[in-house]
Structures are given as structure tokens and as C-alpha cells.
There are 2 protein chains.
Amino acid sequence: MTAGSHGPRLIPGPSVTISDVAEAAGVSRQTVSNVLNAPDRVRAETRERVNRAVSDLGYHPNRAARSLRASSPRMVGCRILPVHAETVASIQDRFLHALAEAGQACDHHVLLFTAPDADEETERCTALWRAGAVSAVVLYDVTPHDPRPRQLEAAGVPFAAFGRTATGAAGYSWADVDNTAGTASAVDHLVAAGHRRIGFLGWPEGSSVGDSRAHGWLAAMDRHGLLAQSHRLDVRGDDTMSSGTRLMVELLDRPGPPTAVVAATDALGVGALHAVRHHGLRPGEDVAVVGFDDTPAAAAVGLSSVRQPIEEVGRLIMAELLRLVGRNADEDVDEAAESLHRLLVPELVVRASSAPPRSAPGG
Amino acid sequence: MTAGSHGPRLIPGPSVTISDVAEAAGVSRQTVSNVLNAPDRVRAETRERVNRAVSDLGYHPNRAARSLRASSPRMVGCRILPVHAETVASIQDRFLHALAEAGQACDHHVLLFTAPDADEETERCTALWRAGAVSAVVLYDVTPHDPRPRQLEAAGVPFAAFGRTATGAAGYSWADVDNTAGTASAVDHLVAAGHRRIGFLGWPEGSSVGDSRAHGWLAAMDRHGLLAQSHRLDVRGDDTMSSGTRLMVELLDRPGPPTAVVAATDALGVGALHAVRHHGLRPGEDVAVVGFDDTPAAAAVGLSSVRQPIEEVGRLIMAELLRLVGRNADEDVDEAAESLHRLLVPELVVRASSAPPRSAPGG
DNA sequence: AGCCCAGGCTTGAACGATAAAATCGATCCG
DNA sequence: CGGATCGATTTTATCGTTCAAGCCTGGGCT
């Protein structure tokens with residue numbers, strides 16, 4: 001690059017203001033503002049002239065100024081969690097993408113922040129909101145005894161949650177995925193394919209998500225009249241692939257082994273698939289396996305999996321936040337009874353690991 | 001909750017302004033501002049009085065107003081990619097977290113946006129920058145023939161990249177990970193453990209990352225005087241677990257099978273591990289396997305893996321952006337020669353799949 | 001006493017956009 | 001033909017913060 005750097009600036013600078021546009025179009029600032037925000041108030045001819053000036057100069061209204069005047073930053077805050085080694089398969093990236101995409105449709109953006117724990121998260125949320133950096137925040141992965149919703153309510157910060165607490169969830173807006181329905185639909189699918197001895201690979205009791213998924217399996221087994229044998233087919237361990245393999249081997253070695261299993265996660269499911277192959281059995285034909293979360297790993301190995309409708313969750317949450325802060329500007333609380341409380345049903349993605357419907361139940 | 005909702009508002013509203021603080025402390029707006037931004041200009045006693053008022057009222061300076069006045073939004077934009085089914089293991093979430101964490105240290109935040117393709121990404125970056133929503137943007141996963149750096153340079157948008165193009169990379173700031181050094185260090189590690197027949201599982205030629213990793217393996221083999229046999233130990237296929245298993249089976253069935261393999265990704269590595277087990281061999285003892293990217297899956301199955309120092313990349317990029325926009329305010333370009341050009345060396349994480357150092361090379 | 005000076009604080013003026021009110025022309029109607 | 005009405009545009013004021021300049025007050029010096 002042989003310099004020549006003192007030439008005229010051809011690129012429009014970052015600071016084209018509404019006054020520049022007004023001057024170029026021969027009108028006042030407010031007219032430009034009207035063209036952009038209330039076009040019907042301006043004569044067609046003027047409008048066109050202003051629009052030309054806008055695109056000629058490459059004008060974009062300054063967000064800070066607009067936020068200041070409107071006292072609405074058009075921003076939504078969301079904590080991004082660190083990726084721990086134990087986190088086998090996170091769907092946080094899908095969630096954040098869905099949120100960003102949903103926001104973009106209505107000129108809102110997602111602001112990321114980090115926090116070491118829940119308390120700090122609440123604190124940061126509050127600070128961001130008080131500073132007018134965000135008009136609302138999103139809570140990701142809210143668990144039954146999560147302190148965050150209560151804390152944010154106390155601080156008066158508008159929010160919506162992905163997941164919900166055991167108590168007090170009526171007071172705030174949330175969207176959640178019905179884990180119970182997810183494993184139940186997996187059982188239904190397997191029963192329809194002719195399976196009757198359907199096992200479950202899960203985590204030890206105590207986690208809400210794990211318990212829901214276990215319960216969905218058990219309830220569906222009961223519904224299909226298969227409860228009697230279920231206790232022999234229920235094994236628990238860590239949420240890892242190797243654990244899945246180990247548990248599956250254990251099941252297959254028992255008398256009256258399962259012809260199909262529902263795994264609480266894809267990690268367990270992928271592990272189970274390998275155990276099946278290791279036993280010289282064909283996945284999907286001899287033994288069917290269904291996972292949970294439809295992570296890329298499941299797609300890669302052809303594992304059927306229950307997919308959470310994260311994109312839908314993102315859309316719902318963003319829409320709800322817009323409603324919340326829009327309403328706030330109008331009246332105060334009071335109609336809080338109309339909060340969002342939506343339990344979404346996940347969808348089973350069928351792949352080779354459970355694909356060929358069996359006409360007759362195998363021995 | 002038995003209403004009683006018309007009580008006084010105990011929670012401090014979102015709109016505590018600097019004037020409120022000033023009034024409470026019995027000083028002027030500017031003095032409050034000085035206490036916060038240039039404490040040494042204010043007498044200690046006054047400072048303390050103001051500080052008390054600040055914390056009593058829960059005052060946080062309004063970001064929009066500050067951004068407007070300083071014409072610096074203290075925000076950095078970054079596109080979030082959708083999670084495709086083919087994306088076996090993304091490290092984007094780690095990167096975004098690192099970026100957010102690094103920014104937070106100096107009161108900067110990350111703004112997420114989405115875009116369907118590179119051109120649209122450039123356009124959105126430009127729009128965000130022109131609107132003063134971000135002071136700079138970050139490019140993630142820049143490939144050798146990526147159009148984005150050129151486009152952003154043309155638009156005058158300050159940016160830094162994770163990854164770099166084949167040409168013109170001297171003109172902008174980037175940090176990248178040395179893939180070649182990564183696979184080479186894996187080979188070194190295996191040679192030190194006594195291995196001599198070290199195979200490679202990779203993708204077909206044509207992708208920059210894949211080729212670099214292949215080249216690192218080959219060069220290291222050469223360096224250790226093992227080049228002669230390398231052509232028999234180099235197999236390529238898709239970046240999936242099942243592909244990894246298939247390729248590894250193929251290698252193990254050849255005459256003079258490898259006692260160790262380097263996989264271009266964790267997906268291939270995990271697949272290879274299963275092939276090893278399927279052959280009745282013990283991973284790490286009979287055959288060693290090393291993956292790449294140190295994804296959670298690798299940790300879960302005990303696969304040694306080459307870990308990219310993403311956190312370091314995030315820190316470097318954020319620091320560089322601050323330098324860039326700070327400099328911009330001062331002088332114009334000109335010292336662009338001092339851009340960041342940093343090639344980081346990844347680090348091998350040793351786990352059971354290659355753990356026990358062998359004193360004597362096995363047959 | 002009168003003057004200067006400096007530290008400590010306050011006042012005025014931006015930053016860029018927009019809601020609300022004022023202005024200007026032109027049209028309409030009794 | 002005068003006043004009312006209405007549409008199109010401009011002017012004014014404001015959001016909350018900070019820079020630049022101004023204003024006190026008290027102390028030191030001549």
C-alpha cells in the first residue's frame with residue numbers, strides 16, 4: 001500500500017447526523033425524523049427527496065441518541081455461561097441464536113454478559129437495567145429452586161425466563177419445554193414400532209430435568225400397560241457417553257434385555273449406540289435407541305432424538321419482553337396476570353437408530 | 001399475595017439521574033460527574049458525601065447518555081452463527097464467552113446479531129457501526145479466502161478477526177491458532193511415549209484448517225524420521241464420529257497397523273476410540289488416540305485432545321479493539337503497521353487415551 | 001488595601017433524536 | 001370577504017451526561 005493517505009475521505013464517516021440529511025434535503029431535522037418514523041405526515045415529494053438524501057449519505061439514526069430520547073435502549077440482556085468440561089452438550093448456543101434472530105426482526109439486539117454465579121447474575125442484570133443498557137433481561141435454564149426470578153422481581157427488573165421455578169412461577173413470564181412429554185413421545189414411537197421391553201438410561205434422581213424425563217418414560221410405559229417390567233429396565237449413571245455405554249451393556253446382559261431404550265440425553269444415547277454395536281447387534285434393527293436434545297452429535301451418528309423447540313422459545317421470550325416493556329410505558333403493572341406461561345412440547349426426530357418400524361415384536 | 005399494591009415504590013426506579021444524586025448530596029451535576037470520572041478534582045469530604053448519595057439512591061450512569069456524549073457506545077458487535085446439524089463441535093460458545101468476559105473487565109459489552117451469509121454480515125456490521133451501536137466488530141472464523149476483512153476495510157469499520165485470510169492479512173488485526181503446531185505437538189507427545197507408527201485421520205484436502213492439521217502431522221513425522229511409512233497411515237473422510245470409526249477400522253486392518261493416531265477433530269477421535277475398543281484393544285495402552293479442539297465430548301470419553309487457547313484469543317481481540325478505537329479518537333490511521341498479528345500455539349491436553357508413557361515401543 | 005492566583009464548585013452548551021407545540025399557507029364556508 | 005380549518009413543516013424543549021468556561025472564596029504577596 002503506497003500510502004496516498006491524505007486523499008479525500010470517500011467512505012461516509014460514522015457520524016452522519018439527522019441535521020446533515022436535513023440540510024442535504026433542504027428541510028428541517030424534524031421532517032427527516034418524520035419521514036423515518038411517521039411517513040404519512042410528510043408530502044410524498046418531500047418524502048422522496050429526504051429518502052434520497054438518507055441513502056446518498058448513508059444515514060443511520062444514532063442509537064444512543066434515540067435510546068436517550070425514547071428511554072428505551074432496544075436491547076435485551078442475557079448471561080452467557082462458561083463451557084465447563086462436564087457440559088456434555090449445551091443448547092445455549094442455539095438459544096442465543098434464536099433470541100438474537102427473534103430480536104432482530106423488531107430492531108432489538110442481545111447484549112451478552114458473564115457472571116460467576118446466580119447472585120452476581122442478578123446484580124449485573126439490575127445494574128444493566130438501571131443504567132438503561134437493556135430494557136429487559138432473559139434468564140436461561142431456570143431450575144425449580146432457582147433464586148433468580150425472585151431476586152429480579154424484588155429489584156423490579158423486567159424479565160422472562162427459559163425454564164421455571166417450582167413455586168411463584170405464576171408471577172412472571174416463562175416458556176419451558178415439557179421434558180416429560182419428550183420421553184413419553186419417544187416411548188410412544190417405540191411402542192408403535194412394536195417394542196415392548198423399553199429401557200431407560202438416565203441420571204440419578206435429584207435433578208429436575210432428569211426426573212421429568214424419567215417420569216415421562218415411566219408414565220408412558222404405564223399408559224401402554226408395560227409398567228410391570230419397567231423396574232428391571234431402569235438404569236442410572238453420569239451424563240457421559242462412556243456412562244451410557246456402561247449402562248447399556250449392563251441392560252443388555254440382563255435376562256430379558258430391552259429391545260429399545262430411551263436415553264435422557266444424547267451423550268447417554270450415543271454411548272448406548274456403541275454398546276449395541278459392541279454386542280454385535282444392529283442399532284435400529286435389533287435394538288432401537290432414542291436420545292434427547294438433538295445435538296449435532298446425534299445427527300452425526302444417526303441417533304433418533306427428542307428436539308427441544310428452542311427457536312420457538314426464543315421467539316416467545318422476545319415477544320413477551322417487548323410486550324412487557326411496551327406495557328410498562330403505558331400503565332404500570334396490574335395486568336401481570338396475563339404473563340406468558342407456555343409449556344412447549346418437544347418433537348421427536350426419527351433417524352436410523354430407531355427407524356425401521358418392526359411389523360412384529362421381536363422375541 | 002394479598003395485593004396492597006398501591007404502597008409506595010420501595011424499589012429505586014430505573015431512572016435515578018445524576019441530578020437526583022446532585023440534589024441529594026447538595027452539589028451540582030458536574031461535581032457528581034467529577035466524583036465518578038476524576039475523583040482527584042473533588043475535595044475528599046464532598047467526594048464521600050456524593051458517594052454516599054450514589055449508593056443510597058442506587059445510581060448508575062445512563063449508558064445511552066454517556067454514549068451519546070462520548071460518541072462511544074462501549075459495545076462490540078459479533079455475529080452468532082446458527083448451529084447446523086453438520087456442525088459437529090463448535091467452539092463458538094467458548095469464544096463468545098471469552099469475548100464477553102474480556103470486555104466486561106473494561107466496561108465493554110458484546111452485542112449479538114445474526115446474518116444469513118458473509119455479505120449480509122458485512123452489511124449489518126456497517127449499519128451497526130454507522131448507527132453508533134458498536135465501536136467495533138469482531139469477525140469469527142475467518143478463512144483464507146474470506147471476503148469479510150476486505151469489505152469491512154472498504155467500509156471503514158474498525159474490526160479484529162479470529163482467523164486470517166491468505167492475502168492482505170497484514171492490513172488488519174487478527175489472532176489465530178496454529179493448527180499445524182497443534183497436530184505436530186500431538187505427534188511429539190506420541191513419539192515421546194515410544195510410538196513410531198503414528199497415523200492421521202483427517203478430512204479430504206481443500207479446507208484450510210484440515211490441510212494445516214494434516215501438514216502439522218506430516219512435518220512432525222518427517223522431523224522424527226518417520227516420513228517413510230506415513231503415506232500408509234494417512235486416511236481421510238467426513239468429520240463425523242462414524243467416519244472416524246470407519247477410518248480407524250481401515251487403518252487397524254492394514255498390515256503394520258499404527259500404534260497411535262492423530263485425529264483432525266474430536267469427532268473423528270471419539271469415533272477412532274470406539275474402533276480401537278471394538279478391535280478388542282485398550283485405548284492408551286495398545287493404541288493411543290489424540291483428538292483436536294478439546295470439546296466436552298473429548299473430556300467425557302477421556303480422549304487426549306489439542307486445545308485451542310480461545311480465552312486468550314478473546315482477550316487479545318478485545319484488547320486490540322480497545323486500542324484501535326482509542327487510537328482512532330486520538331489520531332487517524334497511519335500507525336496501522338502496529339496491528340495485532342498473533343499466531344497462538346494450542347496446548348495438548350493429555351488424557352487416558354494416550355496417557356501411560358510406554359517405556360518400549362510395542363509391536 | 002489591593003491584586004493575583006489556585007482550588008473547588010457551578011453554569012452553560014453541546015451530543016443526536018424526537019414529542020409537543022407553534023407557524024405558515026392554502027382552502028373552505030357562511 | 002373574514003375567520004375557521006386543515007395539512008405540511010418548522011421551532012422549541014427535552015432525554016442524561018460531560019466538556020469548557022465561569023464564578024466564588026480565601027490566602028499570599030507587594
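Since the model is a prediction, treat every value here as computed from it, not as a measurement. Only this structure's heavy atoms are used, side chains among them; waters, hydrogens and symmetry mates stay out. All chains are named by letter (A, B, ...) in the order of the sequence lines, taking the proteins before the strands, and each is independently numbered beginning at 1.
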Can you tell me how far [atom2] of [N] sits from [atom1] of [X], to the nearest Å?
| X | N | atom1 | atom2 | result |
| --- | --- | --- | --- | --- |
| A:Arg29 | D:dT12 | CZ | C1' | 9 Å |
| B:Leu36 | D:dT17 | CG | P | 9 Å |
| B:His60 | D:dT17 | NE2 | C1' | 16 Å |
| B:Ile18 | D:dC19 | CD1 | P | 11 Å |
| A:Asn62 | C:dA14 | CG | C1' | 14 Å |
| B:Arg130 | C:dG16 | CZ | P | 15 Å |
| A:Arg47 | D:dA8 | CZ | P | 9 Å |
| B:Arg63 | D:dT18 | CZ | P | 12 Å |

Between the base of C:dT18 and the side chain of A:Arg69, is there a donor and acceptor pair under 3.5 angstrom?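 By the distance-only test, yes, there is a pair.
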Answer yes or no: side-chain N or O of B:Arg66 and base N or O of D:dT17 forming a donor-acceptor pair under 3.5 Å.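 Absent.
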B:Gln151 and B:Asp119 side chains, donor-acceptor separation under 3.5 Å: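 On atom types as modelled, these side chains qualify, holding a pair under 3.5 Å.
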Among B:Thr17, B:Asn51, B:Val27, the one residue meeting side-chain contact (heavy atoms from CB on, under 4.5 Å) with B:Val32: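 Among B:Thr17, B:Asn51, B:Val27, the one meeting side-chain contact (heavy atoms from CB on, under 4.5 Å) with B:Val32 is B:Val27.
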Side-chain N or O of A:Asn37 less than 4.0 angstrom from OP1 or OP2 on C:dT18?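 For A:Asn37, the contact criterion (side-chain N or O under 4.0 Å from OP1 or OP2 of C:dT18) is met.
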Can you tell whether the side chains of [X] and [Y] come within less than 4.0 Å, N to carboxylate O?
| X | Y | value |
| --- | --- | --- |
| A:Arg63 | A:Asp107 | yes |
| A:Glu121 | A:Arg124 | no |
| B:Arg150 | B:Glu153 | no |

Tell me which of B:Ser71 and A:Gln30 sits closer to the 5' end of DNA chain C, going by the nucleotide each one is nearest to.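 Comparing both residues, the 5'-ward one is B:Ser71.
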Options C:dC15, C:dT18, D:dT17, nucleotide nearest the side-chain atoms of A:Ser33: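 Out of C:dC15, C:dT18, D:dT17, the nucleotide with an atom closest to A:Ser33's side chain is C:dT18.
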Backbone of A:Pro39 reached by a side-chain donor or acceptor of A:Arg47 within 3.5 Å: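 Confirmed, A:Arg47 side chain pairs with A:Pro39 backbone.
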Which pairs, protein N/O on one side and nucleotides 6-9 of chain C N/O on the other, fall under 3.5 Å?
unit_1: C:dC9; atom_1: OP1; unit_2: B:Arg43; atom_2: NE; d: 3.4
unit_1: C:dC9; atom_1: OP1; unit_2: B:Arg43; atom_2: NH2; d: 3.2
unit_1: C:dC9; atom_1: OP1; unit_2: B:Thr46; atom_2: OG1; d: 2.4
unit_1: C:dC9; atom_1: OP2; unit_2: B:Arg43; atom_2: N; d: 3.1

Quick one: closest heavy-atom pair of B:Val134 and B:Trp129, and the distance?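 Answer, listing the atom of B:Val134 first, then B:Trp129: O-CD1, 3.5 Å.
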